[in-house]
Amino acid sequence: MVVGATVPQVRQSFIIRLEYKNSLQDSNDGGEVIIVDTFSVLIGMILPLILGWSIVKIILAKKNFLAFLEKFALSYMIGIGLLSLLMFILSLLHIAFTFFNITLSLMISILLCLLFEVKKSGLPVHFSQKRGEPLKFFDKTLISAIIFVFIYVFFRSIITPLEAFDSWAIYGFKAKVFYLAQTVPTSFFMDFTKSYTHFDYPLSLPLIESWIYICLGSWNDQLVKIIFPFFFLSLIIIFYCNLKKFTGRKIALLATLLLVTIPYFINFVKTGYADLPFAVYYLISVVYLIRGLREGDKYLLYISSISCGLAAWTKNEGLVISLSNTAIFFGLLLIQRKLNRRNLLLFLQYIFIIFLIISPWFCFKSFLHLSNDIINRNTLTIANIFDNLNRLPAILDCIGENMFVFKSLFLFKSWNLIWPLSAIILFFNFKKMFKFPFWPVAISLFLYMGIWILMYIITPRDINWHLATSADRLLVGITPLVLFLDVLLIFREPEV
């Protein structure tokens with residue numbers, strides 16, 4: 001199924017654009033190409049940011065309790081995730097992926113959000129935010145160090161093209177297919193010679209990359225990576241802003257600096273894998289769930305539920321996050337005996353928002369009978385689980401090696417001291433783990449790691465190969481939330 005121009009026509013158009021760019025470079029006008037490409041990428045980044053900002057404004061209504069930078073980071077993550085979902089819906093409606101069609105859809109969505117906001121809250125008015133304490137020299141030093149790391153990571157990411165295997169063989173390849181076909185072609189998912197791309201993987205990241213290609217008018221495996229440093233920036237802002245509410249500025253800045261200087265973690269910014277945006281959505285979904293329940297604020301719960309849905313739209317593991325968050329939400333209502341009509345309605349809204357985001361993709365998968373090659377009806381059986389329980393020592397040994405094995409004079413396999421410190425903190429604060437707000441984070445991490453261990457137990461692949469190629473991604477996904485929990489355990493007392 002090809003919508004709009006045929007693949008040969010699009011390919012010919014792509015060749016013409018390349019020849020035009022090459023001719024500019026040959027005539028010493030390469031600077032024009034750089035300017036045009038930069039402008040195109042900026043347009044591709046700004047439009048979803050405006051969409052996300054509109055959604056955040058609707059959620060918050062007239063409340064202004066989030067800092068500007070926090071709203072910016074949330075707007076980027078929500079906007080770019082919903083952009084890919086919008087593109088997928090356009091594909092289901094047989095509307096071609098052209099710059100005009102997608103931009104028009106974005107503008108209509110933004111306009112509808114603005115109209116809804118005006119109808120709900122009246123015309124926008126200016127809010128003056130409460131100024132915090134003046135920055136001291138120590139604070140400025142920490143902020144400067146964090147900014148320096150971000151700049152380093154930004155340029156380190158975009159000076160190289162997509163080079164990690166999954167980034168170009170799975171996400172990048174799908175992005176190019178969607179770009180050339182101007183749709184998400186169902187025929188692609190029936191071509192078993194392309195099964196190495198994992199047909200069941202959610203399409204958020206490939207569609208975002210495809211959008212950047214559409215803005216550029218051709219694919220560029222270097223410029224397309226610009227989305228990843230901004231995932232990283234969003235993570236920095238959201239991690240700091242939320243931790244500051246629990247611990248204060250200095251502790252939050254120190255913890256943020258520790259997070260952004262973990263070599264193995266920041267290395268994933270340049271890989272082009274879906275693990276980085278997934279880690280951000282995971283952090284948002286859990287932290288805003290805790291804050292929403294703690295502060296009794298439904299708006300924070302809406303942000304959490306959107307992030308749950310977008311996590312599931314980014315990686316399959318996001319479905320586990322969605323299920324664990326809904327279980328934590330319901331469990332806390334039961335424990336605190338707050339299962340009244342209002343809270344039950346909030347709980348149902350939480351589930352509905354997640355369902356609304358993930359249902360198009362799950363309906364698509366069901367229609368094409370796409371299943372995971374590891375977790376499926378054939379592997380997920382009681383007999384298979386018991387038959388492979390002997391893998392458990394090797395699994396735990398591999399995960400432990402990634403976390404703790406001493407590899408050099410100063411680094412623990414490039415994770416710095418984050419995992420040994422986490423183990424020590426957990427040991428001395430174990431009783432705290434059963435109190436709020438610690439237990440929701442602990443349960444979420446426990447369930448997430450549990451599903452990974454289950455995957456390794458039932459995998460039909462060679463267990464040693466599977467562990468060697470994916471155990472580090474498990475740690476990338478949980479690192480921000482683990483560090484967040486560590487800091488809470490040290491500097492926060494349990495709440496009733």
Side-chain angles (χ1 to χ4, degrees), residues 14 17-18 21-22 24-25 30-45 48 76-77 80 84 146-180 196-198 201 204-236 259-280 314-315 408 411 413-416 468-470 472-473 475-477 479-480:
F14 168 69
R17 290 189 185 99
L18 276 184
K21 288 185 177 182
N22 290 334
L24 285 175
Q25 291 171 342
E32 182 180 336
V33 176
I34 295 173
I35 293 171
V36 171
D37 283 353
T38 303
F39 180 75
S40 301
V41 169
L42 286 175
I43 292 295
M45 301 283 285
Y76 178 74
M77 295 305 301
I80 207 159
S84 62
I146 293 169
I147 292 173
F148 176 80
V149 172
F150 170 73
I151 293 172
Y152 163 75
V153 170
F154 179 86
F155 286 105
R156 185 169 179 257
S157 299
I158 64 172
I159 60 173
T160 57
L162 296 172
E163 55 185 357
F165 181 79
D166 282 8
S167 66
W168 58 264
I170 298 177
Y171 307 112
F173 182 78
K174 287 179 179 176
K176 294 176 177 68
V177 169
F178 303 157
Y179 166 71
L180 288 175
Y196 64 88
T197 63
H198 296 279
Y201 279 17
S204 179
L205 184 55
L207 285 169
I208 294 169
E209 293 180 353
S210 182
W211 163 244
I212 299 297
Y213 293 149
I214 291 167
C215 292
L216 289 169
S218 62
W219 67 61
N220 184 320
D221 282 353
Q222 193 170 343
L223 281 177
V224 77
K225 291 176 66 180
I226 196 170
I227 60 176
F228 293 96
F230 286 97
F231 286 138
F232 185 59
L233 178 62
S234 299
L235 173 64
I236 293 171
L259 175 66
V260 301
T261 52
I262 299 174
Y264 209 107
F265 186 76
I266 63 175
N267 182 60
F268 264 73
V269 181
K270 78 178 186 68
T271 59
Y273 286 174
D275 301 85
L276 177 62
F278 174 80
V280 187
T314 303
K315 291 195 72 178
S408 68
L411 303 179
K413 205 173 183 180
S414 298
W415 288 102
N416 289 342
T469 56
S470 63
D472 54 348
R473 300 189 195 183
L475 301 182
V476 169
T479 296

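These values consider heavy atoms only, across backbone and side chains, with no hydrogens, waters or symmetry-generated copies.
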Participant: May I ask you to test the Thr479-Leu259 pair for a side-chain heavy-atom distance under 4.5 Å?
Facilitator: yes
Participant: Check this for me: Phe148, atom CZ, are more than 12 non-hydrogen atoms of other residues, nucleotides or ligands nearer than 6.0 Å?
Facilitator: no
Participant: So, taking the atom named CG in Asn220 and the one named CG in Leu162, what distance separates them when rounded to the nearest 0.5 Å?
Facilitator: 9.5 Å
Participant: When the ring planes of Tyr171 and Tyr273 are compared, do they come out parallel, tilted or perpendicular, using 30° and 60° as the limits?
Facilitator: tilted
Participant: With a 4.5 Å heavy-atom cut-off, do Ile226 and Phe154 have their side chains touching?
Facilitator: yes
Participant: Would you compute the distance between atom CG of Leu233 and atom CZ of Phe150 and round it to the nearest 0.5 angstrom?
Facilitator: 4.5 Å
Participant: Is there a side-chain contact between Val224 and Tyr213, using heavy atoms and a 4.5 Å cut-off?
Facilitator: yes
Participant: Within this structure, what is the CD1-CD1 distance for the pair Ile262 and Ile266, rounded to the nearest 0.5 Å?
Facilitator: 9.0 Å
Participant: Between Trp211 (side chain) and Gly44 (backbone), is there a donor-acceptor pair under 3.5 Å?
Facilitator: yes
Participant: Please tell me if the side chains of Val41 and Leu216 come closer than 4.5 Å, counting only heavy atoms from C-beta onward.
Facilitator: yes
Participant: Enumerate the residue pairs fulfilling salt bridge (Lys or Arg N to Asp or Glu O under 4.0 Å) with a member in residues 207-226, sequence neighbours excluded, ordered by first and then second residue.
Facilitator: Lys176-Asp221
Participant: From Thr314 OG1 over to Ile208 CD1, what is the distance, rounded to the nearest 0.5 angstrom?
Facilitator: 6.5 Å
Participant: Look at the side chain of Lys174 and the backbone N and O of His198, then say whether any donor-acceptor pair between them is shorter than 3.5 Å.
Facilitator: yes
Participant: Compare all side-chain heavy atoms of Arg156 with those of Asn267 and state whether any distance is below 4.5 angstrom.
Facilitator: yes
Participant: Under the 3.5 angstrom rule, does the side chain of Thr271 hit a backbone N or O of Phe268 as a donor-acceptor pair?
Facilitator: yes
Participant: Ser234 side chain to Phe230 main-chain N or O, any donor-acceptor pair under 3.5 Å?
Facilitator: yes
Participant: Do Phe278 and Val476 touch side chain to side chain, with heavy atoms closer than 4.5 Å?
Facilitator: no
Participant: Checking side-chain contact (heavy atoms from CB on, under 4.5 Å) for the pair Phe228/Leu205: CA distance, chi angles, key distance, verdict?
Facilitator: CA-CA 10 Å; Phe228 293 96; Leu205 184 55; 3.8 Å; yes
Participant: Without swapping roles, check the side chain of Tyr196 against the backbone of Ile170 for a donor-acceptor pair under 3.5 Å.
Facilitator: no
